[in-house]
Amino acid sequence: MTSLVWFKRDLRVSDHAPLDAAARSGHALGLYVIETEWLASPECDARHLAFVLDCLRELRRNLAERGLPLVVRVGSVLPLLARLHQRLGLTQILSHEETGPGWSYERDRAVGAWCMAHGVPWQEFPQTGVVRRLRSRNAWARTWQARMDMPVLPASTSFLAVPEVPVQQRELPTLQDLGMAVPSCTVQSGGESAALNTLHDFLNFRGRDYRRALSSPLTAEEGCSRLSPHLAFGTVSMRAVHQATERAIALAAASADPADRQRAYGLRGFAGRLRWHCHFMQKLEDEPRIEYQNFAHAYDGLRPGDEPAPWTAESQRRFDAWCTGQTGYPMVDACMRSLIATGWLNFRMRAMLVSFASYHLWLHWRPTGLFLARQFLDFEAGIHWSQMQMQSGTTGINTLRIYSPTRQAQEHDPEGRFIRRWVPELCHVPLPLLAQPWLLNDGRHPDYPLPIVDDRTAVKWAKDQLYPLRKTPQAREEADAIQQRHGSRKSGLPPSGTRAKARGAKPEPQHPGQADLFGFGADA
């Protein structure tokens, strides 16, 4: 029997069901494919490749110590599977389920058809709370809880390698080999040991001030878990994070030390956000079109670039200014420049960037979402596109949240340290005017642009477009259908959106913790 373990976004040896199955079923081989479809996709960036290569180096070492070779190839999965089957006679393929971008969905369909045609069983194991072919959201949260409470699988200690391992390169390909330049940003270290060290550090030390630290870009850098890239690429499982968090809470809560009790309080806030991770991913699993189309069709054509409304030269001008951190709004520009340089930003500031692009600049969520996907090291398609639409007001069920960049600066950067760090052109502007430099004597600054739009005028115009539309019969009817299909339920997660709020229920959170855990919203 020859088992092929196909690694995707599960680059670890612990709590790995396909590896566990392979260790008990005869000869085995590991495979990771740096897919040409991924490299060509509009959401891929060199920072993602750098992180994955980091993960693969450690994964290959860990598997080799256990007797399992890991073959790494560049190409398309289907022809590689065909060649391996011809050479080795595969008797089964083992992998985790994946809820990813459209190209990965089409790839899995093609692989499934190939397996059926060639009589090779393909067993996929769930690794999150996402449920395939889900008929109803009722009791979904109980399923999540049951999966998260299952025992964490220990790393298998030994494998029976295939007798003839296909020739593999001694070294992994470099970014230059893959046609990518070395990223100029600072990339978080990848690999399973880095994930476990980050988790331990957060649960035992940094998590104490989590609730207070997560909103400001200054404190969130250390105060948030920073686990989101590791969850996105699977160097640690959600189940392992959940159970370790619950253990840490129980130990800290039982302590007489006030510092431990404060840590337990902070970690409870983190644990609550864990429960939203798969809730958002489930939306893309159930309705893959939301990566490309508005959740609610009542909003079709609302913004430029959404047929039939054309993308205009003014849209491009605004988009370029937003992407380069040159909007004239210091907090927006500081956040964008910080994100480009580090690959990370706390969730509240992520939400502000999308809000500003969607309401102030009236840009469609798809091009802005693709740009952000390339910047976010923790890009997770299911969470990313659900959040892009939520923050853009096109879900039909969520409260519109329009952030004031000036107010965010005053509340979350009151001393101006973040703005002065990332927008050094304003380093000499007095603090009272730092968030609004256009209020200087002549309204201009020699090295910094004027606001690209007027705050009040732009927000009023956006509200005038959206609020009447939300009251139309079509929009209301669609909102009910979307709530029924995608809204959270009472069992573990509160109902979502304005209609839930009208019934007296707590609405779905606008900024769950994935700027800690969820790609777009993983480390809130």
Side-chain angles (χ1 to χ4, degrees), residues 10 12-17 20 96 125-131 139-155 192-214 223-232 234-282 347 378 380 383 488-494 506 509 512-519 521-524:
D10 51 357
R12 62 182 185 273
V13 295
S14 300
D15 201 27
H16 199 290
D20 184 68
H96 277 119
F125 299 84
Q127 68 167 335
T128 66
V130 174
V131 180
W140 178 89
R142 284 200 295 271
T143 301
W144 182 91
Q145 191 68 53
R147 287 188 181 180
M148 294 305 110
D149 289 342
M150 291 174 63
V152 172
L153 293 171
E192 189 168 3
S193 59
L196 296 177
N197 288 338
T198 302
L199 176 62
H200 178 270
D201 185 46
F202 175 70
L203 295 181
N204 290 281
F205 304 103
R206 294 184 293 109
R208 183 180 62 183
D209 295 322
Y210 178 76
R211 295 181 191 246
R212 290 185 295 183
L214 57 84
C224 285
S225 80
R226 304 307 300 272
L227 287 167
S228 51
H230 295 291
L231 286 167
T235 53
V236 66
S237 72
M238 175 60 74
R239 176 166 45 233
V241 173
H242 163 73
Q243 293 187 19
T245 302
E246 294 300 325
R247 288 194 299 271
I249 291 172
L251 286 172
S255 171
D257 188 338
D260 284 337
R261 293 190 176 184
Q262 181 181 350
R263 182 161 54 88
Y265 175 72
L267 293 180
R268 285 193 188 99
F270 174 75
R273 284 169 169 79
L274 282 175
R275 287 162 169 75
W276 291 98
H277 175 277
C278 306
H279 164 72
F280 286 101
M281 291 179 66
Q282 185 72 52
F347 185 84
D378 55 19
E380 179 74 71
I383 299 164
S488 54
R489 300 293 192 265
K490 292 181 179 179
S491 179
L493 294 174
K506 182 181 178 181
Q514 176 78 26
D516 234 342
L517 308 170
F518 322 142
D523 257 303

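Heavy-atom basis, side chains included; hydrogens, waters and symmetry copies ignored.
Atom CZ of residue R12 and atom OG1 of residue T235 lie 8.0 Å apart, to the nearest 0.5 angstrom. Taken to the nearest 0.5 Å, the OG1 atom of T128 stands 13.5 Å off from the NE2 atom of H279. Taking CG from D201 and OG from S225, the interatomic distance works out to 10.5 Å, rounded to the nearest 0.5 Å. How far CG of D15 is from CD of Q127: 8.5 Å, rounded to the nearest 0.5 Å. To the nearest 0.5 angstrom, S228 atom OG is 9.0 Å from H277 atom NE2. Rounding to the nearest 0.5 angstrom, the gap separating the CG atom in L231 from the CG atom in D378 is 9.5 Å.
Between T198 and A194, the closest heavy-atom pair is OG1-O, 2.7 Å. For the residue pair A195 and L227, the shortest heavy atom distance occurs at O-CD2, 3.8 Å. When all heavy atoms are compared, the tightest approach of P229 to R226 is CD-O, 3.8 Å. Closest approach of Q282 to G129, counting heavy atoms only: OE1-O, 4.0 Å. The heavy-atom pair separating N204 from H200 by the smallest distance is ND2-O, 2.8 Å.
In terms of modelled atom types and a separation under 3.5 Å, the side chain of E192 and the main chain of S14 share a donor-acceptor contact. With R206 contributing its side chain and C224 its backbone, the two residues share a donor-acceptor pair below 3.5 Å. The main-chain N or O of A259 is never found under 3.5 Å from a side-chain atom of R263 such that the two would form a donor-acceptor pair. With hydrogens and angles ignored, the 3.5 Å screen pairs no side-chain donor or acceptor of R208 with any backbone N or O of G266.
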> Does the side-chain contact (heavy atoms from CB on, under 4.5 Å) test come out yes or no for V130 and M238, once each step is laid out?
Replying inline: CA-CA 11 Å; V130 174; M238 175 60 74; over 6 Å; no

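Under the salt bridge (Lys or Arg N to Asp or Glu O under 4.0 Å) criterion, D149 pairs with no residue at all, not counting sequence neighbours.
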Output side-chain donor-acceptor pairs under 3.5 Å for residues 243-254, partner residues at least two apart or in another chain, one line each.
residue : atom : partner : partner atom : Å
Q243    : NE2  : M148    : O            : 2.8
Q243    : NE2  : M150    : O            : 2.6
T245    : OG1  : V241    : O            : 2.7

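Classified by interplanar angle (parallel below 30°, tilted 30° to 60°, perpendicular above 60°), the ring pair W276/F280 is tilted.
The closest side-chain heavy-atom distance from L214 to F347 is not below 4.5 Å. Residues D257 and Q262 are not in side-chain contact: their nearest non-hydrogen atoms beyond the backbone lie 4.5 Å or more apart.
Applying the ring-ring contact (aromatic ring centres under 6.0 Å, His included) definition to pairs two or more places apart or across chains, those involving residues 239-267 are W144-H242.
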